[in-house]
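Structure first, commentary second.
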Amino acid sequence: ALYTLQSTGPAGGGGHLTGVRGGGPLTCVVTGNTLWETVWLNVVNEAEFAALGNADRADPAGMFPWVPPVRGREGFPTTTPADVHPANLYWGMPRRILLDPPAGAGTCSVCGTATEALVTGFVMKKWGVNYAGAWRHPLSPYYPKGDDLLPEHANPGGIAYKHWLGLVQSDPARGATAPLAVQAFRRRWPRVQDLVPAHPMLWTFGYDMDNAKARCWYEGLLPLTYVPDGRTEEVEDRIAQVVRTADLVRYSAVTAVRSALFSPRAKTKPPAPAEVSARFWRESEPLFYAAVADLVAAEDDGAVEIVKRRWLAAVTRVAEDLFAYYAQATRIGDVAYPQRIATAHRDLRIFTAPGGKKIRETLGLPAKEEDHHEP
């Protein structure tokens, strides 16, 4: 509980600060067969780690923030990566908390574990370490904001393959970067085969924070894919096209449902966009992982195009099924505004057709005469 508060907790008022990643950051961990293997698979190499802080500060006070002099007291207004050893990334101390001496034997009220040294209280003072500057935690993904890179945080909706870009692989188009530990693992994957499960997973988790309140805890597993023969860049480009196309199809489904149902006189209240979107990502997820496997196996442009078109047809069916469910398209004779529903359905089909300009360019498809085109 103490570590969780120090590493992921929100600000708690004046002098009670957040860690190097703010409140509620996402953490990504490559999972091994055992706890030890999981730890080892997420270790970055020495040179990369040294560059995350001041490696020359290998003294106890430079490595561990609770060793005096504590940098949160007067005279140390901020702490940047240049001020301390990079080990501070793992052991941040934005809050000054001192545990009371153990009160004797007892049972933990949080986890139910019996112990001979039960801690029952603590003392907290203002002004823990005030982190500032370009901190880069090895287990967190980052995205650009202005001239800075900020850690990704958990948001409503959970973890799904929509987060693939930026978690499993970096997204140069958006400037988002996958965690350094994930990048390091994928580079050395061939050399650590004995530590890697048959299907290694990326475990992603974090709190969805609303100011000082934890609204929800999210976690999810994303399968990692090994691309042999130096084809990583081209395969990742294709996967990025597939993910972005899915988002376009999802958006078109949400828009079509709104167009079909939204009216001051409509008897059916339109579903929240988040509800339609969540179902789309959930119901298309198995299709995505099948497409990723096929893209890795595809060795020529013709095979890649077949995979892409098959993927587009599959996610379009998911979008149309959702439209039929929410817009009652299968009961068009019974609903109040059949013309509006029919028009929205037509627009959905036109937008998601493989010949549509936006879809074709996003998915990287060549134009073909038999494709349906936007009017």
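This is a predicted model, so every value here is computed, not measured. By convention here, the first residue in the shown sequence is residue 1.
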Item to check | Arg57/Asp59 salt bridge by N-O under 4.0 Å criterion | outcome: yes
Next on the checklist: Under a 4.0 Å threshold between the charged nitrogen and the carboxylate oxygen, would Arg244 count as salt-bridged to Asp247?
Outcome noted: no
Checklist entry - Taking everything shown except Glu233 itself, do over 12 heavy atoms lie less than 6.0 Å from its CD? => result no
Item to check | Val254 side chain near Ser277 side chain, heavy-atom distance below 4.5 Å | outcome: yes
Checklist entry - Does some side-chain heavy atom of Leu202 sit less than 4.5 Å from a side-chain heavy atom of Phe185? => result no
Next on the checklist: Any side-chain to backbone donor/acceptor pair from Asn88 onto His85? Under 3.5 Å, distance only.
Outcome noted: yes
Checklist entry - Parallel, tilted or perpendicular for Tyr161 and Phe288, by the 30°/60° rule? => result parallel
Item to check | Side chain to side chain, Leu52 and Pro138, heavy atoms closer than 4.5 Å | outcome: yes
Next on the checklist: So Val307 and Arg238, do their side chains get closer than 4.5 Å, heavy atoms only?
Outcome noted: no
Next on the checklist: How close do Leu167 and His163 get, counting heavy atoms only, and between which atoms?
Outcome noted: CG-O, 3.1 Å
Checklist entry - Under a 4.5 Å side-chain heavy-atom rule over Ile, Leu, Val, Met, Phe, Trp and Tyr, are Leu195 and Val39 clustered together? => result no
Item to check | Summary of side-chain hydrogen bond (donor to acceptor under 3.5 Å, both in side chains) pairs that have at least one residue in residues 130-142, sequence neighbours excluded | outcome: Arg21-Ser140, Arg136-Thr177
Item to check | Residue pair Arg250, Lys162: steps toward the side-chain contact (heavy atoms from CB on, under 4.5 Å) verdict | outcome: CA-CA 11 Å; Arg250 174 205 61 81; Lys162 64 179 179 179; over 6 Å; no
Next on the checklist: Tell me whether the count of non-hydrogen atoms from other residues, nucleotides or ligands lying under 6.0 Å of CH2 in Trp66 goes above 12.
Outcome noted: yes
Checklist entry - What distance separates Thr4 OG1 from Tyr207 OH, expressed to the nearest 0.5 Å? => result 5.5 Å
Checklist entry - With distance as the sole test, does Lys308 use its side chain to make a donor-acceptor pair with the main-chain N or O of Leu363 at under 3.5 Å? => result yes
Next on the checklist: Hydrophobic clustering (ILVMFWY, side-chain heavy atoms < 4.5 Å, transitive) - are Met93 and Ile97 grouped together?
Outcome noted: no
Checklist entry - Can you name the closest pair of heavy atoms from Val30 and Leu224 and give their distance? => result CG1-CD1, 3.9 Å
Checklist entry - How would you list, by chain and number, every residue that makes a side-chain contact (heavy atoms from CB on, under 4.5 Å) with Glu48, sequence neighbours excluded? => result Val44, Asn45, Ala184, Arg187
Checklist entry - Between atom OG1 of Thr31 and atom NE2 of His199, what is the distance when rounded to the nearest 0.5 Å? => result 12.0 Å
Checklist entry - From Leu180 CG over to Leu89 CG, what is the distance, rounded to the nearest 0.5 angstrom? => result 9.5 Å
Checklist entry - According to a 4.5 Å side-chain heavy-atom criterion applied to Ile, Leu, Val, Met, Phe, Trp and Tyr, with indirect links allowed, do Tyr251 and Phe323 form part of one hydrophobic cluster? => result no
Checklist entry - Between atom CD of Glu152 and atom CG of Leu26, what is the distance when rounded to the nearest 0.5 Å? => result 6.5 Å
Checklist entry - Can you tell me if Ser170 uses its side chain to pair, donor with acceptor, with the backbone of Ala178 under 3.5 Å? => result yes
Next on the checklist: For residues Leu2 and Met209: do they belong to one hydrophobic cluster (side chain heavy atoms under 4.5 Å, members Ile, Leu, Val, Met, Phe, Trp, Tyr)?
Outcome noted: no
Item to check | Ring geometry between Trp189 and Tyr226 (parallel below 30°, tilted from 30 to 60°, perpendicular above 60°) | outcome: tilted
Checklist entry - Is the closest side-chain heavy-atom distance between Val249 and Ile359 below 4.5 Å? => result yes
Item to check | Euclidean distance, Lys213 NZ relative to Asp208 CG, rounded to 0.5 Å | outcome: 10.0 Å
Next on the checklist: Quick check on the hydrophobic clustering: are Val182 and Val227 connected, directly or via other members, by side-chain heavy-atom contacts under 4.5 Å?
Outcome noted: yes
Checklist entry - Is there a donor-acceptor contact under 3.5 Å from the side chain of Glu37 to the main chain of Val196? => result no
Checklist entry - If you round to the nearest 0.5 Å, how far is CZ of Arg310 from CG of Leu312? => result 12.5 Å
Next on the checklist: For Asp300, is the CG atom crowded, meaning more than 12 foreign heavy atoms sit under 6.0 Å from it?
Outcome noted: yes
Checklist entry - Given side chains that start at C-beta, do those of Arg346 and Arg349 come closer than 4.5 Å, heavy atoms only? => result no
Checklist entry - Between Pro179 and Leu139, is any pair of side-chain heavy atoms under 4.5 Å apart? => result no
Next on the checklist: Heavy-atom count check: over 12 atoms from other residues, nucleotides or ligands less than 6.0 Å from Trp40 CH2?
Outcome noted: no
Checklist entry - Counting only N and O atoms by type, is there a donor-acceptor contact under 3.5 Å from the side chain of Arg360 to the main-chain atoms of Gly355? => result yes
Checklist entry - For the side chain of Asp148 and the backbone of Leu150, is there at least one donor-acceptor N/O pair under 3.5 Å apart? => result no
Checklist entry - Do any N or O atoms from the side chain of Asn155 and from the backbone of His153 form a donor-acceptor pair under 3.5 angstrom? => result yes
Next on the checklist: Is it the case that the side chain of Thr18 and the backbone of Pro10 share a donor-acceptor pair, with hydrogens and angles ignored and the cut-off at 3.5 Å?
Outcome noted: no
Item to check | Salt-bridge criterion met for Glu275 and Arg279 (N-O under 4.0 Å) | outcome: no
Item to check | Side-chain heavy atoms of Leu41 within contact of Val192, under 4.5 Å | outcome: yes
Checklist entry - Would a distance-only check, ignoring hydrogens and angles, find a side-chain to backbone donor-acceptor pair under 3.5 Å from Arg71 to Ala61? => result no
